[in-house]
Novice: 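The structure that follows is given in the form of structure tokens.
Reminder, nothing fancy here: chain letters follow the sequence lines and each chain counts from 1.
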2 protein chains.
Amino acid sequence: MVKRVSLWNAGCPVARSLDAIGDWWSLLIIRDAFDGKRRFGEFQNGLGISKGVLSTRLRDLAKRGIFETVPASDGTAYREYVLTPKGRGLFPVIVALRQWGEDYLFADGEARSSLVDREKRAPVARLEVRSADGRSLVWSDTQVTG
Amino acid sequence: MVKRVSLWNAGCPVARSLDAIGDWWSLLIIRDAFDGKRRFGEFQNGLGISKGVLSTRLRDLAKRGIFETVPASDGTAYREYVLTPKGRGLFPVIVALRQWGEDYLFADGEARSSLVDREKRAPVARLEVRSADGRSLVWSDTQVTG
DNA sequence: CAGTATCCCCCCTGATACTG
DNA sequence: CAGTATCAGGGGGGATACTG
């Protein structure tokens, strides 16, 4: 999000990714999008983000080709925000973040999903990272939200 | 990094993860740590971050159990910062970020690794995300940096 | 409901200087 | 080299009000 110093030109893919979505809100918005949210209000209510900030983020993310806007599916005059293929490409990032959080940030037995209805539509996925020799480094179940 | 509004208590693992490492510098510092950097100066030179900010970040990350400090290996009176198991657990996050950046943020033929020596020690890994039915959603080679 | 426009303030960030 | 302390500025973020 264009901090004072941008590492965009560093040529490091990690830095560039962070430049695009490495701020507090963007990944949370994208997470909600993966969870099926499409409307301005849905994002706003779920996140408790102010309208101004959400508006800016959505526009910025659209400019970067992560979201695209489409006419509202219910016939109203509003827009809906849906992930582009590039945006959906962030799925592994969300999954990795979620997995780490589950593994290291919760006390045993603590509830893990107050934000969304787990039954609904959150994609279920398994993430794996292997070293060059094929040895599995990570392997576990996960869901995007909750 | 304790923004005004913390979603820590939301119970969403993604939000908690972001609360812990979701700021501009933390993941870059962690990326460098995966690349073998251990000293204050190594981080500072590589990132172009100010001393004050780096100092704060390092202390904060240590407080969160992501880094631990050990006596300098060269006998000097300084500390070195090494990732804890919890910190190393962020490997998939870095990998996912890197993969996405490579896939969507570079023009064809553009150089991808000005920050580090690819030959050296950057861990090579493959990341995979599968849907519940075992269908592979993502599969490609990657390195942490550069 | 879906935004946009304003205002204001906090604090993150960077620069500089100082200590061991 | 490895930090800590202090200071100044700038922009992100929230709140509120307003429009269609």
Side-chain angles (χ1 to χ4, degrees), chain A residues 1-8 10 15 18-30 32-33 36-64 67-82, chain B residues 1-10 15 18-29 32-33 36-64 67-82:
Chain A
M1 208 28 17
V2 189
K3 266 54 174 188
R4 193 74 53 78
V5 174
S6 172
L7 256 37
W8 174 266
L18 256 13
D19 187 68
I21 47 80
D23 67 276
W24 174 251
W25 291 116
S26 292
L27 278 172
L28 255 13
I29 294 170
I30 292 163
D32 281 359
K37 296 200 169 86
R38 308 162 61 98
R39 302 289 285 249
F40 190 91
E42 289 183 294
F43 291 113
Q44 211 221 333
N45 294 329
L47 294 170
I49 188 177
S50 74
K51 290 179 157 196
V53 176
L54 177 59
S55 180
T56 303
R57 281 285 164 284
L58 248 16
R59 186 171 18 213
D60 191 73
L61 258 7
K63 196 183 316 170
R64 291 176 185 273
F67 273 102
E68 62 181 341
T69 56
V70 301
S73 51
D74 61 359
T76 54
Y78 306 121
R79 293 170 257 174
E80 293 187 355
Y81 303 85
V82 304
Chain B
M1 208 37 15
V2 189
K3 266 57 174 182
R4 194 73 53 79
V5 174
S6 172
L7 255 38
W8 175 267
N9 295 314
L18 256 14
D19 186 68
I21 46 82
D23 68 277
W24 172 251
W25 291 117
S26 292
L27 277 172
L28 254 15
I29 295 170
D32 281 0
K37 295 201 171 84
R38 307 163 61 97
R39 301 287 288 249
F40 190 91
E42 290 184 292
F43 291 114
Q44 210 221 333
N45 293 329
L47 294 171
I49 188 179
S50 75
K51 290 178 156 198
V53 176
L54 178 58
S55 180
T56 302
R57 282 285 164 285
L58 249 14
R59 187 173 15 214
D60 192 72
L61 257 7
K63 196 185 315 172
R64 291 176 186 273
F67 274 103
E68 62 181 340
T69 56
V70 302
S73 51
D74 61 359
T76 54
Y78 305 121
R79 292 169 258 176
E80 292 187 354
Y81 303 85
V82 303

Novice: One pair to check against side chain to side chain donor-acceptor pair (under 3.5 Å): B/Glu80 and B/Thr69. What are the steps and the verdict?
Specialist: CA-CA 5 Å; B/Glu80 292 187 354; B/Thr69 56; over 6 Å; no
Novice: Which nucleotide sits closest to the side chain of B/Tyr78: C/dG14, C/dC1, D/dC1?
Specialist: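 Closest nucleotide to the B/Tyr78 side chain: D/dC1.
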Novice: Send over the distance from A/Gln44 CD to D/dG14 P, rounded to a whole Å.
Specialist: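 So the two atoms are 10 Å apart, to the nearest Å.
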Novice: Using atom CG of A/Asp74 as one end and atom C1' of C/dA2 as the other, report the distance to the nearest whole Å.
Specialist: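 For the pair A/Asp74 CG and C/dA2 C1', the rounded distance is 12 Å.
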Novice: For the CH2 atom of A/Trp25 and the CG atom of A/Leu47, what is their distance to the nearest 0.5 Å?
Specialist: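 These two atoms lie 6.0 Å from each other.
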Novice: How many angstroms lie between atom OH of B/Tyr81 and atom CD1 of B/Ile29, to the nearest 0.5 angstrom?
Specialist: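 Answer rounded to 0.5 Å: 10.5 Å.
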Novice: Roughly how far apart are A/Leu58 CG and A/Lys51 NZ, rounded to 0.5 Å?
Specialist: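 Between atom CG of A/Leu58 and atom NZ of A/Lys51 there are 13.5 Å.
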Novice: Looking at CD1 of A/Ile30 and NZ of A/Lys37, how far apart are the two atoms once the value is rounded to the nearest 0.5 Å?
Specialist: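 Here the interatomic distance stands at 14.0 Å.
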Novice: Would you call B/Arg39 and B/Asp32 a salt bridge, taking side-chain N to carboxylate O under 4.0 Å as the test?
Specialist: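 So B/Arg39 does not pair with B/Asp32 through a salt bridge.
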Novice: Would you kindly give the CZ-to-P distance between B/Phe43 and D/dG3, to the nearest whole Å?
Specialist: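 Value for this atom pair: 11 Å.
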Novice: From CG of B/Leu54 over to C1' of C/dG14, roughly how many Å is that when rounded to an integer?
Specialist: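 Going from B/Leu54 (CG) to C/dG14 (C1'), I get 13 Å.
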Novice: Has the side chain of A/Asn45 got a donor or acceptor atom that lies under 3.5 Å from a matching backbone atom of A/Gly41?
Specialist: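 Such a contact is found between A/Asn45 side chain and A/Gly41 backbone.
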Novice: Find out whether A/Phe40 and A/Leu54 are in side-chain contact, i.e. whether some heavy atom of one side chain is under 4.5 Å from a heavy atom of the other.
Specialist: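 The answer is yes, as the side chains (C-beta and beyond) meet within the 4.5 Å cut-off.
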Novice: Rounded to whole angstrom units, what separation is found between the CH2 atom of A/Trp24 and the P atom of C/dC10?
Specialist: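 About 21 Å, once rounded to whole Å.
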Novice: Could you state the atom-to-atom distance from CD of A/Glu80 to P of C/dA2 in whole Å?
Specialist: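 Rounded to whole Å, this separation is 9 Å.
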Novice: Hunt down any stem DNA chain D takes part in, defined as 3 or more consecutive Watson-Crick or G-U pairs whose two distances are each under 3.5 Å.
Specialist: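 Paired runs of 3+ in DNA chain D: C:1-20 with D:1-20.
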Novice: According to a strict under-4.0 Å criterion, is A/Arg39 in side-chain N/O contact with OP1 or OP2 of C/dC1?
Specialist: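 A/Arg39 to C/dC1 OP1/OP2: no side-chain N or O under 4.0 Å.
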Novice: Rounded to whole Å, please give me the gap between CG in B/Asp23 and P in D/dG13.
Specialist: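 Those two atoms, CG and P, are 12 Å apart.
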Novice: What pairs of nitrogen or oxygen atoms, one from the protein and one from nucleotides 4-8 of chain C, lie under 3.5 Å apart?
Specialist:
{"unit_1": "C/dT4", "atom_1": "OP2", "unit_2": "A/Ser55", "atom_2": "OG", "d": "2.2"}

Novice: Give the rounded distance in Å between these two atoms: CD of A/Glu42 and C1' of C/dA2.
Specialist: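 After rounding, the reported distance stands at 13 Å.
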Novice: Which distance, rounded to the nearest 0.5 Å, do you find between the CG of A/Leu18 and the CG of A/Leu27?
Specialist: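 CG of A/Leu27 is found 8.5 Å from CG of A/Leu18.
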Novice: Side chain of B/Arg57: nearest nucleotide among C/dC1, D/dC1, C/dT13?
Specialist: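 Taking heavy atoms from C-beta onward, the closest nucleotide is C/dT13.
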